[in-house]
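The block underneath contains the structure these notes are about, expressed in structure tokens.
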2 protein chains.
Amino acid sequence: MTDNAKYDQMAVIMKAMAHPTRLFILDKLSEKEHCVCELQELIGADMSTVSKHLSVLKNAGIIDNRKQNNQVFYSLICPCVLDVYQCVIEVNKLKKY
Amino acid sequence: MTDNAKYDQMAVIMKAMAHPTRLFILDKLSEKEHCVCELQELIGADMSTVSKHLSVLKNAGIIDNRKQNNQVFYSLICPCVLDVYQCVIEVNKLKKY
DNA sequence: TGGCTATTTGGCGAAATAGGAAAATAGAAG
DNA sequence: CTTCTATTTTCCTATTTCGCCAAATAGCCA
């Protein structure tokens with residue numbers, strides 16, 4: 001399999017996005033930045049769980065964060081993530097069951 | 001978390017793509033259709049492993065197949081998968097280490 | 001029918017992922 | 001300095017994913 005590393009790197013990013021909660025987070029962040037507690041409220045899971053999802057996205061290089069007082073605000077780095085959404089939605093529409 | 005099912009469905013498709021070998025397969029199929037044995041040759045893994053990767057992609061509705069004699073040819077259903085590639089590559093470029 | 005080739009399926013152990021609880025950390029505020 | 005709040009990290013357990021092997025299946029062709 002040629003150029004192994006290329007696909008490994010891509011898989012890291014895709015894997016980071018491949019979770020319902022993380023897709024939800026990205027969707028929210030595409031509108032505006034949010035702090036962890038806002039996202040936790042919207043998601044309804046344990047704060048530590050939300051924090052871990054955020055760090056997965058951060059490590060993959062998809063989102064960034066900034067600290068303001070004792071809150072951490074997360075934001076989307078690359079808006080092209082929305083293109084991915086479009087494609088996935090299209091694949092779903094074409095799907096035969 | 002509103003509209004839970006939407007993100008679940010999206011995650012199924014993203015998860016199916018989120019593996020180096022499957023990304024490689026999609027890349028190959030974006031050029032032209034391939035039978036399982038051709039892909040197996042390119043990938044170098046066990047035939048059963050390749051077959052399972054293909055069935056993951058098929059179940060997600062990303063690829064389709066047709067039988068010709070005793071071979072099975074797989075092909076991409078939706079070319080927009082390449083847009084996803086573009087985005088992932090862009091995210092990688094922006095990545096700070 | 002029987003053999004041959006291509007592919008899929010089932011099973012199993014190893015590794016990765018998920019999520020809650022509790023502990024650790026960071027910074028603001030009293 | 002102590003407390004409080006927001007967040008992250010660690011620990012533990014349950015579940016899922018991965019990849020090989022062996023067995024099953026499907027469709028040719030003699």
Side-chain angles (χ1 to χ4, degrees), chain A residues 1 4-5 7-26 28-29 32-76, chain B residues 1 4-5 7-26 28-29 32-76:
Chain A
M1 190 154 110
N4 212 302
Y7 297 103
D8 285 347
Q9 287 180 346
M10 291 178 74
V12 169
I13 296 171
M14 296 293 290
K15 251 184 233 176
M17 297 180 69
H19 188 288
T21 301
R22 295 198 288 266
L23 287 168
F24 175 81
I25 289 172
L26 292 175
K28 285 299 156 198
L29 295 184
K32 67 175 205 286
E33 66 170 17
H34 285 283
C35 69
V36 184
C37 60
E38 286 170 338
L39 292 169
Q40 194 243 329
E41 182 99 1
L42 291 166
I43 294 166
D46 197 282
M47 169 87 82
S48 70
T49 300
V50 175
S51 177
K52 271 184 270 186
H53 282 309
L54 288 164
S55 84
V56 169
L57 292 168
K58 176 108 193 296
N59 288 333
I62 301 172
I63 63 177
D64 201 4
N65 63 11
R66 69 181 177 85
K67 296 189 184 181
Q68 183 177 12
N69 297 328
N70 54 352
Q71 288 185 311
V72 180
F73 286 85
Y74 282 88
S75 57
L76 219 53
Chain B
M1 190 158 107
N4 212 303
Y7 298 103
D8 285 349
Q9 288 181 345
M10 291 179 73
V12 169
I13 296 171
M14 296 293 291
K15 251 184 233 176
M17 296 180 69
H19 187 289
T21 301
R22 295 198 286 268
L23 287 168
F24 175 81
I25 289 172
L26 291 175
K28 284 301 156 196
L29 295 185
K32 67 175 205 286
E33 65 170 17
H34 284 282
C35 68
V36 183
C37 59
E38 287 170 340
L39 292 169
Q40 193 243 330
E41 183 98 0
L42 291 166
I43 293 165
D46 197 282
M47 168 88 82
S48 70
T49 300
V50 175
S51 176
K52 271 185 235 184
H53 281 309
L54 288 164
S55 84
V56 169
L57 292 168
K58 176 109 194 296
N59 288 332
I62 300 172
I63 63 178
D64 200 2
N65 63 9
R66 71 180 177 86
K67 296 188 185 180
Q68 183 177 11
N69 298 329
N70 53 351
Q71 289 185 311
V72 180
F73 285 86
Y74 281 88
S75 57
L76 219 54

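Just so it is clear, the values below take in all heavy atoms, side chains as well, and ignore hydrogens, waters and symmetry mates. A quick note: this is a predicted structure, and the numbers were derived from the prediction, not measured. Sequence lines set the chain letters: A, B, ... in the order given, protein chains first and strands last, and positions in each chain run from 1.
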Mind checking whether B:M17 and B:R22 have side chains closer than 4.5 Å, heavy atoms only? no

How are the rings of A:Y7 and B:F24 set to each other: parallel, tilted or perpendicular (split at 30° and 60°)? perpendicular

Donor-acceptor pair under 3.5 Å, B:K52 side chain vs D:dT17 base: no

Nearest-Å distance for atom pair CD/C1', residues A:Q68 and D:dT7: 15 Å

Would you say the base of D:dC18 and the side-chain of B:T49 have a donor-acceptor pair closer than 3.5 Å? no

In whole angstrom, give the distance that lies between atom CG of A:D46 and atom P of D:dT7. 13 Å

Is there a side-chain contact between A:L29 and A:H34 (heavy atoms, below 4.5 Å)? yes

Whole angstrom is fine here: how far is it from CE in A:M47 over to P in C:dA18? 20 Å

Judged by atom type as modelled, is there a donor-acceptor pair below 3.5 Å linking the side chain of A:Q40 to the main-chain atoms of A:D46? no

So, is A:H53 close to the C:dG19 phosphate, meaning a side-chain N or O under 4.0 Å from OP1 or OP2? yes

Atom CG of A:N70 and atom P of D:dA6: how far apart are they, to the nearest Å? 6 Å

Look at the side chain of A:S48 against the base of C:dA21 and say whether a donor-acceptor pair falls under 3.5 Å; ignore hydrogens and angles. yes

Value in whole Å for how far the P atom of C:dT5 lies from CD of B:Q40: 15 Å

